[in-house]
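Only a predicted model underlies this, so the values are computations on that prediction, with no experimental measurement involved. In what follows, every heavy atom counts, from backbone to side chain, and hydrogens, waters and symmetry copies are set aside. If you read the sequence from its start, that first residue is 1, and numbering goes on from there. Start at 1 and go down the list; that is how both ligands and their atoms are numbered.
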Amino acid sequence: MQKVKKAILPVAGLGTRVLPATKVIPKEMLPVVDRPAIEYVVDEARAAGIEHIVFVTGRGKGAIEDHFDQAYELEENLQQKGKQQILDELQRNLPKAGSTSFVRQQAPLGLGHAVWCARDIIGDEPFAVLLPDVLIKAKTSCLAQMVEVYDKTGGNIIAVDEIPAEDVNKYGIIDPVSQDGDIYKMRAMIEKPDIGSAPSNLKITGRYILQPEIFGLLENQATGAGGEIQLTDAMATMMQDQEFYALKYQGVDFDCGNKLGYLRAIAHFALSNSELGNEARKVFEDALQENQ
Ligand code: G1P
C-alpha cells in the first residue's frame, strides 16, 4: 500500500465571510495568536508525515507563497541584532527547499475544482486534503490520526465531527451505516443538506485522505450545492467503487471561515500557548469583567 506523502491545501477562497478583514490579506494569513492560521495546518500535515504540500492559490494570495519562503533581508537584520530566538523559529518553520508547490485555481469554481487543479503534481498516489479554514486542536494531529487508520485500512478516509442539527446546512454531511469504535462506514454523503433532511449530524470536517481516482471523477463532476463543483459529490460517487471510512477524530475544530469560529480559535490557542497561556487567561478574565 502506498504511503500518504503529499497534501493539497486549497487556499484560493475569497474569505467573504470574514470581510473586511480579508479585503487585502488572504484569510489564511490572519493571525491566530502569534502565527498565521495557515501555519497550524502546515504543522498538522507535517506531523502526519506529509513530505510535499501543494497550495492551490488564486489572485491576491502571494503573501502565502512569500510566507513559506526565506525572507533574506529580515533574517539578515535579525541576525545582526542578535535576535536569535525568533530567527531560529522562522528558520524552523521554513519548508525544505522543493517540498512545496503552488498552482493556480484560475476561477473560483468550487472545492472539487480546486483539488482537481493539483492533479498533475499529485500524480498516481494517495494524498491528503486539508482545508485551511479549519484549525484542529488535538494531542495527535488530526491528519496523523487519519494516517494511522489508513495504514491499516487503505481506501479513503474523511474526518467527521458531530454538530448541532441547525448547522447541517453549512457543511458536508455523511450518511453512516455502521460504526466500529470511532470509525464509520457510510452509504452516502451530501453537501449542505437542508435542515431537517440531513441523514445525520456528522459533518465532514475538512480533512481527507483520498485515492487518485477522484481526479477522473472531478474532471467530469457537474456543479452541485451553491453552483460549485463539490468534492463531496465526487466522493459520493467514488464510494460506490472504493472503500470509504469516516473517522470521528479526537480533538476540537474551529471553522475560521466565519468570525466566531476564528475568535474561538484565538481564545483556545491563546489559553494553551506555552508562553502566553497564563497571562492570556488573565486578559480574557479582565475583558469579561470590564465588559459586563
Ligand atoms: C467545505 C466542504 C464541506 C465541509 C466544510 C468543512 O465547505 O465542501 O463538505 O464540511 O468545508 O469546513 P465550505 O466551508 O468550503 O463551504
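- In plain terms, the two heavy atoms of Ser99 and Glu51 that are nearest each other are CB-O, 3.4 Å.
- Comment: Glu243 engages Lys185 in a salt bridge, judged by a side-chain N to carboxylate O separation of less than 4.0 angstrom.
- Arg207 forms no cation-pi arrangement with Tyr249, by the criterion of a distance under 6.0 Å to the ring centre and an angle within 45° of the ring axis.
- The closest side-chain donor-acceptor pair between Ser101 and His52 falls under 3.5 angstrom.
- The distance from ligand 1 to the heavy atoms of Leu131 drops below 4.0 Å at these ligand atoms: 1 (C), 11 (O).
- Side-chain atoms of Asp180 and Tyr184 form no donor-acceptor pair, as typed in the model, at a separation below 3.5 Å.
- In this model, no donor atom of one side chain and acceptor atom of the other lie less than 3.5 Å apart for Glu44 and Ser141.
- The protein non-hydrogen atom at the shortest distance from atom 12 (O) of ligand 1 is Val134 CG2, 3.5 Å.
- Distance check for atom 15 (O) of ligand 1: every protein heavy atom is found at 4.0 Å or beyond.
- Looking at Leu111 next to ligand 1, no N or O pair under 3.5 Å apart turns up.
- Near Thr232, with a cut-off below 4.0 Å to any heavy atom, the atoms of ligand 1 are 9 (O).
- In terms of protein heavy atoms, atom 9 (O) of ligand 1 is closest to Glu191 OE1, 2.7 Å.
- Side-chain polar atoms of Asp88 and Gln84 form a donor-acceptor pair below 3.5 angstrom.
- At the shortest separation from atom 4 (C) of ligand 1 among protein heavy atoms lies Ile204 O, 3.3 Å.
- Using a 4.0 Å heavy-atom cutoff, Leu231 is absent from the residues neighbouring ligand 1.
- Of all the atoms in ligand 1, the ones that sit under 4.0 Å from a non-hydrogen atom of Lys192 are 7 (O), 13 (P), 16 (O).
- Ligand 1 lies within reach of Gln230, whose nearest heavy atom is under 4.0 Å from it.
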